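Contents: one structure, followed by commentary.
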Amino acid sequence: MLLRRVRAFVVRDFQLAVSYRMEFFLRMLSVLFVVTTLFFISRIFAGNAATNFTQWRNPLAAWITGLAVLNYFMTGFSSLANAIRSEQSQGTLESVLMTPIGVPTLVVASSAWDFVQTTFNSFLYLFFGWLFFDVHYQGNFLLALVFLVLTTLVLACLGILSASFAMVFKRGDPFGVILGVGSALFSGVFFPTQLLTEYAGRSLGQIPRFLPTTYGLEGIRRVLIEGQSFAQVREPLLMLLLFLGVLLPFSLWVFKRAVTRAKREGSLIQY
Amino acid sequence: MACANASIRANAIAERHDMIGTDATIAVSISNVSKTYPIPLARLKQIFRRPTTAPVEALRDVSFSIREGEIFGLIGRNGAGKTTLTKIIATLVQPTSGRVTVHGRDSVRDEEAVRAQVGLATAEERSFYWRLTSEQNMIFFARLYGLSDRAARSRTAELFARFDLESAARRRFGELSTGNKQRLAVARALLARPPVLLLDEPTRSLDPIASAGMRRLISSLAKEQPPATVLLTSHNLDEIEALCDRVGVISGGSIRAINTPENLRGLHKSVERVRLTLQHLPHEDIRRVLGKSFTDLEIKEIPNGDNGKNVSVLFAREAEDDRLGWAISRLHEAGGRILACDTERATLLDVLESYERTTADAKGES
């Protein structure tokens, strides 16, 4: 039954997406433009990376992996809250909630299309890099997928917290600002996190250690670019599991309280 | 008279309380439901000494039940509490205190089971996806109700045929006429064949012919096997009167009366004005025949279409007494030809206004 409902949302969102045909092609084009731009910037740095930054010897590979993965992480984090906000702002939340579907199912199912779309977009980053700019990946793709899924789950927990915030306070979500900007800056999407300590001091250099995206990106790059094995990437994997173990029960507890509060206040469908 | 009214009103209230709880055919039971909307972030506002408004008391100790197969009307002014009550039954809002059950299922503890039994149709156009077609919208909601693809398509087609929406099936919701949007909302509420239907102003945007069609449809739902139970809120009091078995009057968050439309009218005006239109009887004869029995008799000549004149006779009588039949037979015996008989009775509007006046008076006193 859950899968049938998830499918219903995916089909609905696909139908909505194809009703805006132009947007689909423009999105593909924009990914190609970004990858092309990064290729030319990478030519400036090619071969100049310090020897200790092994993942950054080919900066284009590091950037497009970083962007593809960050794209995915951000979806895991933001799509749950966006799903609630979007239904609230369209005015359809009430009619959806009138069906025998629980709020948690609604949140998960209505964000499913975002994941489908993001998977496609992330694939485009890697595909365009391979097709046009000779970027090659190695290592265990299955292990990279484990990292991707695990980090997305951790970020989905933060997404649940964000959705709880959206349900009660509607807008002004602090998680979006902190994680959105923070992840891009502090988790090594565009530059190695070691540089933070070197240039910004020891205290700022500690920030990446508290972001799950740092471990996700680190793991995926070590697998795909350096070709490391499971034994070699055990540490970031364990850190992600630790994040998940703490955040999952906490976020579900907060979410349940937020739903109850919104229903008590009668503000569940307000935007 | 006042004594008789008080007695009828007491009976109405007694009937209301008798119904709650034990009847096996009760579809919706509402027991002592109150709802106060809290002020969001009130504590935080107090800490920062920001001004706060008082919490809104939307419902106050509301109790009644709706029998299976009954069409129950809820009337009241805007802000009286109709929508809050409907949303509580639909599980969209939780009551502050009290309990609502739908076929024995609690609306808070067992909300998914309740939602499976309740269909809600509101006049809110934004409850659909405007860029999807009517059919895509319906199939999406059918899937959420757990219908398989095939069942969803077949149920949608069935409802489109029933609501005369076939020509609108492939059109985007945003392109539909207001009437078709309204009909689609009611059709959606019926997707899962719910035993309980909550209809919030289902004919608000419909033209007179479409309204009549919708009324026939609502009426037929309660006669189906198994019958649907309908809670109908509307500002169209004629519609409420025509459709509903019983009507609840809600004012200031409280249920003020529940009874059949006829009895409710009877509570408020036991005297009705009667107008007889007749021919072939002069003024003097009419006054001679009826003058002693009806002290407030008014007789007027009114021109008819054949350059002649009819006579209009107006008098007051106690509702449903036997003096109307007596007057007609006496006039007939005296040689008069009765052309028409109209009575001017209390309407549900009179009932509603009367309760609103007492609510306003009570507020003034407090």
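Just so it is clear: chains get the letters A, B, ... in the order the sequence lines come, proteins before strands, and each one is counted from 1. This one's a predicted model, so the numbers in the text were calculated from it and none came from an experiment.
- Heavy-atom pairs under 4.5 Å with chain A were tallied for B:Leu191, B:Val93, B:Ile139, B:Asn137; the largest tally goes to B:Val93.
- With no hydrogens or angles considered, a side-chain donor-acceptor pair links A:Thr92 and A:Glu87 at under 3.5 Å.
- Ranked by heavy-atom pairs shorter than 4.5 Å toward chain A, the options B:Val114, B:Thr122, B:Val56, B:Leu120 are led by B:Leu120.
- Counting only N and O atoms by type, the side chains of A:Ser86 and A:Gln90 include a donor and acceptor under 3.5 Å apart.
- Between B:Phe128 and B:Phe173, the ring planes are parallel. Angles under 30° get that label, and only those over 60° would be called perpendicular.
- No other option in B:Ile88, B:Asp149, B:Thr96 has as many heavy-atom pairs under 4.5 Å with chain A as B:Asp149.
- In terms of heavy-atom pairs under 4.5 angstrom with chain A, the leader among B:Gly119, B:Ala189, B:Ala116, B:Ala192 is B:Ala116.
- In this structure, the side chains of A:Leu16 and B:Leu132 come closer than 4.5 Å at one or more pairs of heavy atoms.
- Heavy-atom distances place both the backbone and the side chain of A:Thr260 under 4.5 Å from chain B.
- Neither the backbone nor the side chain of B:Gln117 comes within contact range of chain A; no heavy atoms are under 4.5 Å apart.
- When B:Arg131, B:Arg188, B:Gln94 are compared by the number of non-hydrogen pairs under 4.5 Å with chain A, B:Arg131 comes out ahead.
- Looking at B:Val108, neither its backbone nor its side chain comes within 4.5 Å of chain A, counting heavy atoms on both sides.
- Considering B:Thr233, B:Val230, B:Val118 in turn, B:Val118 is the only one that fulfils the side chain to side chain contact (heavy atoms under 4.5 Å, CB included) rule with B:Leu198.
- In this structure a side-chain-to-backbone donor-acceptor pair under 3.5 Å is present from B:Thr133 to B:Gln136.
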